[in-house]
Q: 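Attaching a single structure in structure tokens format; questions to follow.
Please read all numbers here as calculations on a predicted model, not as lab measurements. Residue indices begin at 1 and follow the sequence shown.
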Amino acid sequence: MDSISKPTFDPKEHQHLRYNPLRDSWVLVSAHRMKRPWKGQVEKPPEDNTPRHDPNNPLCPGSVRAHGEVNPEYDSTFMFDNDFPALQPDAPDPGSDHHPLFQSKAARGVCKVMCFHPWSDITLPLMQPAEIRKVIDKWAEVIVELGAEYTWVQIFENKGAMMGCSNPHPHCQVWASNFLPNEAALAERCQRDFLQKHGEPLLVQYARMEAQAQERVVVENEHWLVVVPYWATWPFQTLLLPRRHVPRLPDLTAQERDSLASIMKRLLAKNDNLFEDSFPYSMGWHGAPTGSHLQEDMSHWQLHAHYYPPLLRSATIRKFMVGYEMLANEQRDLTPEQAAEQLRKLGEEHYKMKKTEGDGGMEN
């Protein structure tokens with residue numbers, strides 16, 4: 001009797017696991033699930049009527065914040081101490097006499113808010129490259145400032161109400177801590193182990209291989225590469241990588257910072273163009289730890305930024321990380337290659353600019 005032939009593996013049709021070397025974990029890829037009809041929750045279309053200036057918005061120039069502080073009439077970036085910080089520099093130490101099942105330890109730090117622009121009705125892809133460059137310079141400045149004392153400086157942006165952003169104004173947060181957070185500790189261990197085993201930083205080798213393959217590249221320029229990572233969990237997740245070995249954001253040259261402003265604008269315009277929507281996401285920078293680690297060899301680290309957007313099928317249908325994802329394993333519903341192809345073929349002129357060209361474009 002003839003043996004039954006086995007089907008040839010097709011990543012678009014057959015579920016499989018992919019390894020994430022930055023987290024030492026696995027992702028279940030089940031692209032065939034995109035064929036199922038959607039009868040679940042549909043979000044309300046995001047409103048597009050944000051006023052340029054709202055005196056009741058605590059992030060606007062001249063506004064009064066929660067504790068009575070008045071913002072200056074800033075015309076570029078503006079940074080201030082978070083009015084409701086998750087970390088404070090003078091919290092008491094809980095002590096060390098604890099049962100192994102009920103451990104705690106000191107957590108100290110500072111939390112800041114950074115506004116990108118004085119206008120509330122603008123986002124990074126609609127800003128000019130020179131304005132984005134000022135944001136990058138401020139990021140580098142705050143890492144140097146807070147990194148002199150704190151072990152980890154986390155810059156992150158939650159964009160859109162879907163990602164928990166309560167103030168419609170272009171801004172990010174900076175949390176500096178005396179400890180290495182979980183994700184940073186994972187990235188530290190995995191990158192250190194990879195360098196010891198393979199003799200080259202993990203993400204330096206990875207970027208070179210992705211640039212050669214081009215299969216998951218979304219956008220690139222002389223100094224930077226953006227890919228949907230091979231191990232991506234979120235549908236249109238992207239990873240922003242420098243082409244040369246750079247441990248921390250302040251280490252970037254002036255030319256690399258200009259180039260970064262350009263590629264951020266191009267990537268985020270593509271994201272918005274995907275569903276003609278202000279694409280929600282959480283993003284954050286990961287670089288080598290600071291504080292006492294500034295005196296250590298951190299050559300296993302490579303600077304990178306993660307973009308985690310929740311949208312899956314449209315501007316109103318998102319990917320839910322529940323059930324199996326929470327209790328068993330991360331899972332995604334289309335291959336990273338499919339996501340990269342969709343993003344790659346999109347234009348880089350923002351859809352809002354196209355719609356306003358007849359009126360002379362947006363004022364900026």
Side-chain angles (χ1 to χ4, degrees), residues 9 11 15-29 143 147 151-155 179-234 237-253 255-256 259-260 263 267 283-308 329-332 335-340 344:
F9 173 73
Q15 69 272 8
H16 59 285
L17 294 168
R18 295 195 183 191
Y19 181 64
N20 182 343
L22 280 176
R23 302 191 74 254
D24 191 21
S25 62
W26 294 85
V27 179
L28 173 61
V29 182
I143 289 174
T151 299
W152 187 254
V153 182
Q154 182 61 65
I155 295 170
F179 57 91
L180 207 56
N182 293 337
E183 292 298 314
L186 266 175
E188 159 68 22
R189 174 174 64 81
C190 291
Q191 289 181 98
R192 185 181 292 276
D193 289 349
F194 189 92
L195 179 63
Q196 291 175 349
K197 293 176 182 177
H198 302 282
E200 185 177 19
L202 188 161
L203 288 175
V204 172
Q205 184 177 121
Y206 177 71
R208 185 178 66 251
M209 296 179 71
E210 287 284 26
Q212 292 170 350
Q214 289 290 307
E215 193 175 12
R216 286 168 292 275
V217 174
V218 174
V219 64
E220 59 185 324
N221 61 21
E222 180 184 358
H223 301 103
W224 296 90
L225 182 75
V226 178
V227 301
V228 177
Y230 179 78
W231 54 81
T233 299
W234 293 94
Q237 176 180 334
T238 49
L239 181 64
L240 174 58
L241 295 161
R243 291 188 184 271
R244 77 174 179 95
H245 187 199
V246 184
R248 300 180 179 92
L249 200 146
D251 299 329
L252 296 174
T253 67
Q255 192 175 12
E256 287 168 335
S259 189
L260 175 56
I263 206 163
L267 168 65
M283 73 80 64
W285 284 100
H286 280 182
T290 50
S292 61
H293 298 285
L294 291 169
Q295 310 305 319
E296 299 175 6
D297 180 7
M298 290 282 118
S299 57
H300 52 289
W301 267 91
Q302 173 71 327
L303 175 70
H304 57 285
H306 296 283
Y307 286 84
Y308 297 137
N329 203 107
E330 295 177 333
Q331 182 269 334
R332 62 178 289 118
T335 68
E337 294 76 28
Q338 290 172 316
R344 185 167 53 242

Q: For Gln255, check side chain to side chain contact (heavy atoms under 4.5 Å, CB included) against everything at least two apart and list the hits.
A: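 For Gln255, the residues satisfying side chain to side chain contact (heavy atoms under 4.5 Å, CB included) (neighbours in sequence not counted) are Glu222, His223, Thr253.
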
Q: With sequence neighbours left out, what residues match His16 under side chain to side chain donor-acceptor pair (under 3.5 Å)?
A: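 Expected list: Arg18.
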
Q: List in chain and number order the residues that pass salt bridge (Lys or Arg N to Asp or Glu O under 4.0 Å) with Asp251, two or more places apart in sequence or in another chain; answer none if no residue qualifies.
A: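 Listed in chain order: nothing, the list is empty.
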
Q: Do you know the tightest heavy-atom contact between Pro229 and Pro336?
A: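 Distance-wise, the nearest heavy atoms are O-CB, 3.4 Å.
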
Q: Tell me, please, which residues at least two apart from Trp224 pass side chain to side chain donor-acceptor pair (under 3.5 Å).
A: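 Trp224 satisfies side chain to side chain donor-acceptor pair (under 3.5 Å) with no other residue.
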
Q: Arg243: which residues meet the salt bridge (Lys or Arg N to Asp or Glu O under 4.0 Å) condition with it, sequence neighbours left out?
A: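 Scan of Arg243 (salt bridge (Lys or Arg N to Asp or Glu O under 4.0 Å), adjacent residues dropped) gives Glu220.
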
Q: Quick one: does Leu202's side chain get under 4.5 Å of Gln205's, heavy atoms only?
A: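 Side chain of Leu202 against side chain of Gln205, heavy atoms only: no contact under 4.5 Å found.
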
Q: For Ala207, enumerate each residue passing the side chain to side chain contact (heavy atoms under 4.5 Å, CB included) test, keeping only those at least two apart in sequence or located in another chain.
A: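 Partners of Ala207 under the side chain to side chain contact (heavy atoms under 4.5 Å, CB included) test: Leu225, Leu241.
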
Q: Any idea which heavy atoms bring Trp301 and Trp152 closest together, and the distance?
A: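 Heavy-atom minimum between the residues: CH2-CH2, 3.8 Å.
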
Q: Tell me, do Val29 and Pro11 make a side-chain contact under 4.5 Å, heavy atoms counted?
A: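 Of all side-chain heavy-atom pairs linking Pro11 with Val29, none is under 4.5 Å.
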
Q: With a 4.5 Å heavy-atom cut-off, do Leu252 and Val246 have their side chains touching?
A: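 Yes, at least one pair of side-chain atoms sits under 4.5 Å.
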
Q: For residues Thr238 and Leu267, determine if any side-chain heavy atom of one lies less than 4.5 Å from a side-chain heavy atom of the other.
A: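 Thr238 reaches Leu267 side chain to side chain.
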
Q: Could you tell me the separation between the CD atom of Gln196 and the NE2 atom of His198, rounded to the nearest 0.5 Å?
A: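 Between atom CD of Gln196 and atom NE2 of His198 there are 11.0 Å.
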
Q: Find out whether Gln15 and Gln331 are in side-chain contact, i.e. whether some heavy atom of one side chain is under 4.5 Å from a heavy atom of the other.
A: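 Heavy-atom side-chain distance check fails, nothing below 4.5 Å.
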
Q: Test side-chain contact (heavy atoms from CB on, under 4.5 Å) on Ile155 and Ile143 and set out the steps.
A: CA-CA 9 Å; Ile155 295 170; Ile143 289 174; 3.7 Å; yes

Q: Which residues pass the side chain to side chain contact (heavy atoms under 4.5 Å, CB included) test with Glu296, not counting sequence neighbours?
A: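 If we apply the side chain to side chain contact (heavy atoms under 4.5 Å, CB included) test to Glu296, skipping adjacent residues, the hits are His293, Met298.
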
Q: Starting at CG of Leu240, measure out to CG of Leu303 and round the result to the nearest 0.5 Å.
A: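 If we round to the nearest 0.5 Å, Leu240:CG and Leu303:CG are 8.0 Å apart.
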
Q: Roughly how far apart are Asn221 CG and Ile263 CD1, rounded to 0.5 Å?
A: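 Asn221 CG to Ile263 CD1: 4.0 Å, rounded to 0.5 Å.
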
Q: Starting at CG of Asp193, measure out to CG of Asp24 and round the result to the nearest 0.5 Å.
A: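 CG of Asp24 is found 8.0 Å from CG of Asp193.
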
Q: So, taking the atom named SG in Cys190 and the one named CG in Leu203, what distance separates them when rounded to the nearest 0.5 Å?
A: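 Nearest 0.5 Å value for the SG-CG distance: 10.5 Å.
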
Q: Does the side chain of Val217 reach to within under 4.5 Å of the side chain of Val226, using non-hydrogen atoms?
A: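 Not touching, per the 4.5 Å side-chain cut-off.
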
Q: Among residues at least two apart in sequence or on other chains, which ones pass side chain to side chain donor-acceptor pair (under 3.5 Å) with Glu210?
A: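 For Glu210 the side chain to side chain donor-acceptor pair (under 3.5 Å) partners, ignoring immediate neighbours, are Tyr206, Arg216.
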
Q: Only counting residues at least two apart or in another chain, list the ones meeting side chain to side chain contact (heavy atoms under 4.5 Å, CB included) with Glu215.
A: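 Partners of Glu215 by the side chain to side chain contact (heavy atoms under 4.5 Å, CB included) criterion, ordered by chain and then number, come out as Glu337.
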
Q: Are Val27 and Glu330 side-chain neighbours, meaning at least one heavy-atom pair lies under 4.5 Å?
A: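 Side-chain contact under 4.5 Å: yes.
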
Q: Does the Arg248 side chain pair with the main chain of Gly287, one donor and one acceptor, at a distance under 3.5 Å?
A: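 Side chain of Arg248 to backbone of Gly287: no pair is present.
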
Q: In Å, rounded to the nearest 0.5 Å, how long is the span from CZ of Phe194 to CZ of Arg189?
A: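 With rounding to 0.5 Å, CZ (Phe194) is 14.5 Å from CZ (Arg189).
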
Q: Holding to salt bridge (Lys or Arg N to Asp or Glu O under 4.0 Å), I want the full list of residues that pass it with Arg192, two or more places apart in sequence or in another chain.
A: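 Scan of Arg192 (salt bridge (Lys or Arg N to Asp or Glu O under 4.0 Å), adjacent residues dropped) gives Glu188.
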
Q: Looking at residues at least two apart in the chain, or sitting in another chain, which of them share a side chain to side chain donor-acceptor pair (under 3.5 Å) with Asn329?
A: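 Applying side chain to side chain donor-acceptor pair (under 3.5 Å) to Asn329 gives none.
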
Q: Output, in order, the C-alpha distance, side-chain angles, deciding distance and verdict of side-chain contact (heavy atoms from CB on, under 4.5 Å) for Tyr307 and Leu239.
A: CA-CA 6 Å; Tyr307 286 84; Leu239 181 64; over 6 Å; no

Q: For Gly291, does its backbone N or O pair with a side-chain atom of Thr151 as donor and acceptor, under 3.5 Å?
A: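 No.
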
Q: Ring pair (Phe, Tyr, Trp, His ring centres under 6.0 Å) with His306: which residues, sequence neighbours excluded?
A: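 Partners of His306 by the ring pair (Phe, Tyr, Trp, His ring centres under 6.0 Å) criterion, ordered by chain and then number, come out as His286, His304, Tyr308.
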
Q: Hey, is the main chain of Leu22 close enough, under 3.5 Å, to the side chain of Gln191 for a donor-acceptor pair?
A: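 A pair under 3.5 Å: no.
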
Q: Judged by modelled atom types alone, do Asn20 and Ser25 share a side-chain donor-acceptor pair under 3.5 Å?
A: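 Distance-only check fails for Asn20 and Ser25.
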
Q: Should Pro181 and Gln154 count as side-chain neighbours, where that means a heavy-atom distance under 4.5 Å?
A: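 When only atoms from C-beta onward are counted, Gln154 and Pro181 do not touch, as no gap falls below 4.5 Å.
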
Q: Main chain of Thr335, side chain of Gln338: is a donor-acceptor contact present, judged purely on distance under 3.5 Å?
A: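 Pair found, side chain donor or acceptor close to backbone of Thr335.
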
